[in-house]
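These notes concern the structure reproduced below.
A, B, ... follow the sequence lines: proteins, then strands. Residue 1 opens every chain.
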Protein chains: 2
Amino acid sequence: MTRRPTLKTIADRVGVTVSAVSLALRDDPRISATTRSRIQEAAEALGYVYNRHAAGLRRGDSGTVAVCLNDLSNPFFTEFLGHMETRFREAGRMMLFCHAHETPSIQARFIRQMAEHGAAGLILVPVEGTSRADLEGPRVRHLRDFPLVLISRDVADTAFDRVINDDERGIRLLFEHLYALGHRRLAWLGGGGDTSTAHDRERSFRREMDAAGLPIDDATMHHGPTSLAFGDSMLDELMALPTPPTAIVCFSDVIAFGVLAACYRRGLRPGIDLSVTGFDDMGAAAYSAPALTSVRVRTDLIGDRASELLLARIAGDRQPAVREMMPPELVVRETTGPPPETGMLPPRRRG
Amino acid sequence: MTRRPTLKTIADRVGVTVSAVSLALRDDPRISATTRSRIQEAAEALGYVYNRHAAGLRRGDSGTVAVCLNDLSNPFFTEFLGHMETRFREAGRMMLFCHAHETPSIQARFIRQMAEHGAAGLILVPVEGTSRADLEGPRVRHLRDFPLVLISRDVADTAFDRVINDDERGIRLLFEHLYALGHRRLAWLGGGGDTSTAHDRERSFRREMDAAGLPIDDATMHHGPTSLAFGDSMLDELMALPTPPTAIVCFSDVIAFGVLAACYRRGLRPGIDLSVTGFDDMGAAAYSAPALTSVRVRTDLIGDRASELLLARIAGDRQPAVREMMPPELVVRETTGPPPETGMLPPRRRG
DNA sequence: TCATGACGATCGCAAATTTCT
DNA sequence: CAGAAATTTGCGATCGTCATG
């Protein structure tokens, strides 16, 4: 059980001092090229592995950043993860990762632990219900002046950077598309829990309805978990209404996929008998049967920009906090079309 | 710009020594209850944050484990991530995460860096083409006696623990199901690149065909990326054959979903005009239109067991390496059914 | 003066050791 | 001399300072 070699091991072997080894391994010109290569060869031969704990202790920066997400089962969020991981890897930083499961206590613990680990910054999709106090209160004093960027979800009045999607615009694009097709009876299947995203999208939906002079029937407004099962389970209820909606606007693609599954079972043809829209435009949206009309949230832009902001903060940028909104794009596919002729809805069963 | 408080800061404030503070914060009984609480209050008041670099340097264990995956866009792999993250969080360990994008150089760099960061162990889905030398060669000497568990994919002859799915059994379950339904012309859409999973599943498929006395037509055997696009693009080609297959066996759910999308476009009814099977049984399989027949890979069991093994190794377990296979389960849904009557294939178009 | 590299202090914490009641 | 408390040492790397040819 030989211990891991250290700078001293190498130094003894080569016959120089520890600091010479330290410099040599970092290619410092103060060490001559010949001794440098002798040292580097010895390090290689000994199987030396750099110890960042020690270096970090001395230097202050451990070379990690922390990322905390909430819903790994939703591919939409793992898209963020992918983009950011790439950016941080390119910047030579490792990622401390946490899956908070929408649980405040997990998030709180992680915020403390990543600080203990010396993470240089944090990217956070705040768990639902996260308030300003959770990020700036006395229990998280270490976050003061700490590089922290919120993505995807906003937290009101906070003094941290935020990079989010322009949900209002997204909903407007969808509404205008459906309205132009002739839809007047629209249902809303909300999700996203108690987050800014949930509130912004629903509020925007209501506002668009109002602005268009369309009445909002509570029986067509629902909120539930952001899951396939929720979308799947709500279709029957909506179609059982005296005057069922001709279009269903879903909080997210995941919910919309659930609605499509239910449509299939009922023999309803999405885009013909009923229009369905998603939100996020995750990769799978182009391959549902039929392909889903959705709003593309630019996870790439958001992830890149958030990483960039964070790295700048880590590098010492002290600008006032920004709140940036990335513009989403409407992607029209096959699940939207003109409403069926009134009263002519043909609920064929498949077979 | 006041610096972060340290044990010394607290010690000075309370008027005790640094070691007293160290012990008190760890609730050591050697410090009297009263001073202990005085110290803890002072720590709280000062906003003290534990420094694991320093502690880790002294103790040897940094409290992290590393996880390296390859395909975040495939929800199947993020299922692993979720299970393991939970287990490690419960064990009080943070996760250093890497997305290797099937790129050996990224994986190699991560294997080094996580060691530099003092990760206590590593869970790895090896990138395609990873060989024994990549894990045990001279360039990765630090992996000798290092807690490392491979999941999902095997690496031949390696001396590390592995927890993988029993792919042979999975394919057999699918084949037997299709055979019993009456299918005799089966196509294979392979994926998974150059991994043990890819090889095992295809080999098993061929073996089942052979064992049943069914000829294997090269025109029905394909290999491509594990993507929706691949499945989507292959259907036309397969159906254009003189005698098209009556069933398509896909390497994974993702590919199968692509096939379903193409079926929809062609007006082919999965489960009636053509049978389609997936593999993995990710969450979305139950909600495709129609719902996908698949083989459930127990990501929960694999993830849990791998975490458990790793934690045991970290705790000092020196048992010989194990290779454990978790049994998958057939999940019959709607995309499989008896083959259509010969020659009676009705390629209706939707509309 | 310059190039090279030796020396010792230091980071924050924890464990071993010593000193004090 | 037992037990509590204070002191010292050292983890592994980095950095400023100093010495040598």
- request: Salt-bridge test for R30(B) and D28(B): reply yes if a basic N is under 4.0 Å from a carboxylate O, no otherwise.
  value: yes
For atom [atom1] of [X] and atom [atom2] of [N], their distance in whole Å:
| X | N | atom1 | atom2 | value |
| --- | --- | --- | --- | --- |
| D61(B) | dC13(C) | CG | P | 17 Å |
| D28(A) | dA3(C) | CG | P | 13 Å |
| H117(A) | dC13(C) | NE2 | P | 14 Å |

Tell me which donor-acceptor pairs under 3.5 Å the side chains of residues 43-51 of chain A have, and how far apart each pair is, sequence neighbours excluded?
from: N51(A); atom 1: OD1; to: H53(A); atom 2: N; distance (Å): 2.8
from: N51(A); atom 1: OD1; to: A54(A); atom 2: N; distance (Å): 3.1

Just jot down the salt bridge (charged side-chain N to carboxylate O under 4.0 Å, His left out) partners of [X], sequence neighbours excluded, or say none.
| X | result |
| --- | --- |
| D304(A) | R87(A) |
| D194(B) | none |
| D157(B) | none |

query: Excluding sequence neighbours, so at least two apart, what forms side chain to side chain contact (heavy atoms under 4.5 Å, CB included) with E79(B)?
result: M282(B), T299(B)
message: According to side-chain hydrogen bond (donor to acceptor under 3.5 Å, both in side chains), does anything in residues 105-115 of chain B pair up with another residue at least two apart or in another chain? List the pairs.
response: Q107(B)-T130(B)
message: To the nearest 10°, give me the bend of the helix from dC2(C)-dG21(D) to dT21(C)-dA2(D), comparing the axes of its five terminal pairs at either end.
response: 60°
message: So if I define the base as every atom that isn't primed, P, OP1 or OP2, how would nucleotides 11-21 of chain D read as a B/S/- string at a heavy-atom cutoff under 4.0 Å?
response: BBBBB------
- prompt: With sugar-phosphate meaning primed atoms plus P, OP1 and OP2, does V21(A) contact a base, only sugar-phosphate, or nothing at under 4.0 Å between heavy atoms?
  reply: nothing
field: H117(B): ring pair (Phe, Tyr, Trp, His ring centres under 6.0 Å) partners, not counting sequence neighbours
entry: none
